[in-house]
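For reference, the structure is listed below as C-alpha coordinates.
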Amino acid sequence: MADTTQANVLAIAPALDDVSQDAWDIVLTDVADMISEAAWGAKQEIAQRYLAAHKLTMIAVSDSGPAVTAEKTGDVSTSYAVGGGGDDDLAETKHGREFKRIQRGAIAGFMVVTP
(Lines give C-alpha, C1' and ligand atoms only; values in the text may rest on other atoms or scores of the structure.)
Protein backbone atom coordinates (compact mmCIF):
# COMPACT_ATOMS: atom_id res chain seq x y z
CA MET A 1 0.00 0.00 0.00
CA ALA A 2 1.25 3.48 -0.83
CA ASP A 3 1.92 6.30 1.62
CA THR A 4 -0.43 9.27 1.73
CA THR A 5 0.17 12.32 -0.44
CA GLN A 6 -0.16 16.05 -0.09
CA ALA A 7 -3.17 15.93 -2.42
CA ASN A 8 -4.94 13.35 -0.23
CA VAL A 9 -4.36 15.44 2.90
CA LEU A 10 -5.57 18.61 1.18
CA ALA A 11 -8.74 16.77 0.13
CA ILE A 12 -9.74 16.47 3.81
CA ALA A 13 -8.06 19.68 5.02
CA PRO A 14 -8.07 22.35 2.29
CA ALA A 15 -7.21 25.06 4.83
CA LEU A 16 -3.67 23.64 4.91
CA ASP A 17 -2.93 24.91 1.40
CA ASP A 18 -0.92 27.83 2.83
CA VAL A 19 1.44 25.65 4.92
CA SER A 20 5.06 25.78 3.72
CA GLN A 21 6.34 23.04 1.43
CA ASP A 22 9.14 22.32 3.90
CA ALA A 23 6.58 21.54 6.61
CA TRP A 24 4.66 19.30 4.18
CA ASP A 25 7.80 17.38 3.25
CA ILE A 26 8.86 16.83 6.86
CA VAL A 27 5.42 15.83 8.13
CA LEU A 28 4.71 13.44 5.23
CA THR A 29 8.09 11.76 5.79
CA ASP A 30 7.46 11.52 9.53
CA VAL A 31 4.01 9.94 9.21
CA ALA A 32 5.28 7.50 6.57
CA ASP A 33 7.93 6.37 9.06
CA MET A 34 5.48 6.22 11.98
CA ILE A 35 2.59 4.40 10.29
CA SER A 36 3.66 1.28 8.45
CA GLU A 37 1.58 -1.17 6.45
CA ALA A 38 2.86 -4.00 8.65
CA ALA A 39 1.23 -2.49 11.73
CA TRP A 40 -1.79 -0.73 10.21
CA GLY A 41 -2.70 -2.94 7.25
CA ALA A 42 -5.35 -1.54 4.93
CA LYS A 43 -5.80 1.53 7.16
CA GLN A 44 -2.21 2.71 6.69
CA GLU A 45 -2.88 5.49 4.18
CA ILE A 46 -5.99 6.84 5.90
CA ALA A 47 -4.20 6.91 9.26
CA GLN A 48 -1.26 8.73 7.66
CA ARG A 49 -3.64 11.19 6.02
CA TYR A 50 -5.40 12.16 9.24
CA LEU A 51 -2.23 12.27 11.34
CA ALA A 52 -0.55 14.49 8.73
CA ALA A 53 -3.59 16.79 8.65
CA HIS A 54 -3.51 17.00 12.44
CA LYS A 55 0.21 17.75 12.61
CA LEU A 56 0.04 20.34 9.84
CA THR A 57 -2.99 22.00 11.46
CA MET A 58 -1.04 22.29 14.71
CA ILE A 59 1.88 23.85 12.78
CA ALA A 60 -0.49 26.29 11.03
CA VAL A 61 -2.04 27.30 14.35
CA SER A 62 1.34 27.88 15.99
CA ASP A 63 2.56 29.86 12.96
CA SER A 64 -0.47 32.15 13.08
CA GLY A 65 0.67 33.65 16.38
CA PRO A 66 -0.06 33.15 20.04
CA ALA A 67 -3.55 32.13 21.05
CA VAL A 68 -5.50 34.05 23.65
CA THR A 69 -4.69 32.41 26.97
CA ALA A 70 -6.66 34.68 29.29
CA GLU A 71 -9.59 37.09 29.24
CA LYS A 72 -10.65 39.58 31.89
CA THR A 73 -13.84 41.59 32.15
CA GLY A 74 -14.07 43.64 35.33
CA ASP A 75 -13.34 41.36 38.28
CA VAL A 76 -13.95 38.15 36.28
CA SER A 77 -11.11 36.45 34.46
CA THR A 78 -10.84 33.20 32.53
CA SER A 79 -7.67 31.37 31.49
CA TYR A 80 -7.36 28.78 28.76
CA ALA A 81 -4.93 25.91 28.59
CA VAL A 82 -2.54 25.98 25.66
CA GLY A 83 -1.69 22.63 24.11
CA GLY A 84 1.75 21.40 25.00
CA GLY A 85 2.07 18.53 22.56
CA GLY A 86 2.18 14.84 23.27
CA ASP A 87 -0.56 12.29 22.77
CA ASP A 88 -3.18 14.55 24.34
CA ASP A 89 -2.83 17.12 21.56
CA LEU A 90 -4.62 14.73 19.18
CA ALA A 91 -7.87 15.90 20.77
CA GLU A 92 -7.17 19.49 19.73
CA THR A 93 -8.09 19.01 16.07
CA LYS A 94 -10.86 17.15 14.29
CA HIS A 95 -8.19 15.35 12.28
CA GLY A 96 -6.41 14.20 15.44
CA ARG A 97 -9.68 12.92 16.89
CA GLU A 98 -10.38 11.00 13.67
CA PHE A 99 -6.85 9.55 13.77
CA LYS A 100 -7.48 8.28 17.30
CA ARG A 101 -10.74 6.67 16.16
CA ILE A 102 -8.95 4.94 13.27
CA GLN A 103 -6.16 3.87 15.61
CA ARG A 104 -8.60 2.19 18.00
CA GLY A 105 -9.99 0.14 15.12
CA ALA A 106 -6.69 -0.74 13.46
CA ILE A 107 -4.23 -1.63 16.18
CA ALA A 108 -4.88 -4.90 17.94
CA GLY A 109 -3.91 -5.20 21.58
CA PHE A 110 -1.26 -7.59 22.70
CA MET A 111 -1.97 -10.51 24.95
CA VAL A 112 0.45 -12.75 26.78
CA VAL A 113 -0.56 -16.40 27.01
CA THR A 114 1.29 -18.61 29.45
CA PRO A 115 0.99 -22.39 29.27
Side-chain angles (χ1 to χ4, degrees):
M1 177 156 285
D3 291 327
T4 198
T5 64
Q6 185 171 345
N8 286 359
V9 176
L10 284 171
I12 63 164
L16 298 174
D17 195 39
D18 292 337
V19 174
S20 75
Q21 190 60 49
D22 288 340
W24 275 102
D25 294 342
I26 290 169
V27 169
L28 290 174
T29 299
D30 287 350
V31 299
D33 289 342
M34 294 168 63
I35 300 174
S36 68
E37 184 178 6
W40 288 77
K43 296 192 179 201
Q44 172 200 9
E45 189 277 331
I46 192 169
Q48 288 178 351
R49 186 182 336 145
Y50 279 94
L51 184 58
H54 165 72
K55 289 181 171 293
L56 290 163
T57 298
M58 296 300 287
I59 289 169
V61 167
S62 68
D63 286 348
S64 67
V68 175
T69 59
E71 294 178 326
K72 183 171 182 175
T73 305
D75 293 335
V76 179
S77 65
T78 305
S79 297
Y80 302 97
V82 177
D87 288 341
D88 294 336
D89 80 344
L90 288 170
E92 293 185 31
T93 70
K94 65 182 178 181
H95 308 297
R97 291 187 296 274
E98 180 64 11
F99 172 78
K100 286 177 79 168
R101 188 191 67 75
I102 295 164
Q103 184 179 41
R104 285 190 301 270
I107 304 295
F110 291 95
M111 180 171 81
V112 175
V113 178
T114 56

Nearest 0.5 Å please: distance from the [atom1] atom of [X] over to the [atom2] atom of [Y].
X: Tyr50; Y: Arg97; atom1: OH; atom2: CZ; value: 12.0 Å
X: Ile102; Y: Gln44; atom1: CD1; atom2: CD; value: 12.5 Å
X: Ile46; Y: Gln48; atom1: CD1; atom2: CD; value: 11.0 Å
X: Thr57; Y: Leu16; atom1: OG1; atom2: CG; value: 4.0 Å

Please report the shortest heavy-atom distance between [X] and [Y], naming the atom on each side.
X: Ala47; Y: Phe99; result: O-CD1, 3.4 Å
X: Ala53; Y: His95; result: CB-CG, 3.6 Å
X: Val9; Y: Ala52; result: CG2-CB, 3.9 Å

For Ala11, side-chain contact (heavy atoms from CB on, under 4.5 Å) partners two or more places apart: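 Result, side-chain contact (heavy atoms from CB on, under 4.5 Å) vs Ala11: none returned.
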What pairs with Arg101 under side-chain contact (heavy atoms from CB on, under 4.5 Å), at least two apart in sequence or on another chain?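 Here the qualifying residues are Glu98, Arg104.
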Which residues share a side chain to side chain donor-acceptor pair (under 3.5 Å) with Thr93, sequence neighbours left out: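 For Thr93, the residues satisfying side chain to side chain donor-acceptor pair (under 3.5 Å) (neighbours in sequence not counted) are His54.
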Side-chain donor/acceptor pairs under 3.5 Å, residues 22-35, sequence neighbours excluded:
{"unit_1": "Asp25", "atom_1": "OD1", "unit_2": "Gln21", "atom_2": "NE2", "d": "2.9"}
{"unit_1": "Thr29", "atom_1": "OG1", "unit_2": "Asp25", "atom_2": "O", "d": "2.9"}

Quick one: which residue pairs count as a salt bridge (Lys or Arg N to Asp or Glu O under 4.0 Å) with a foot in residues 35-59, not counting sequence neighbours? Glu45-Arg49
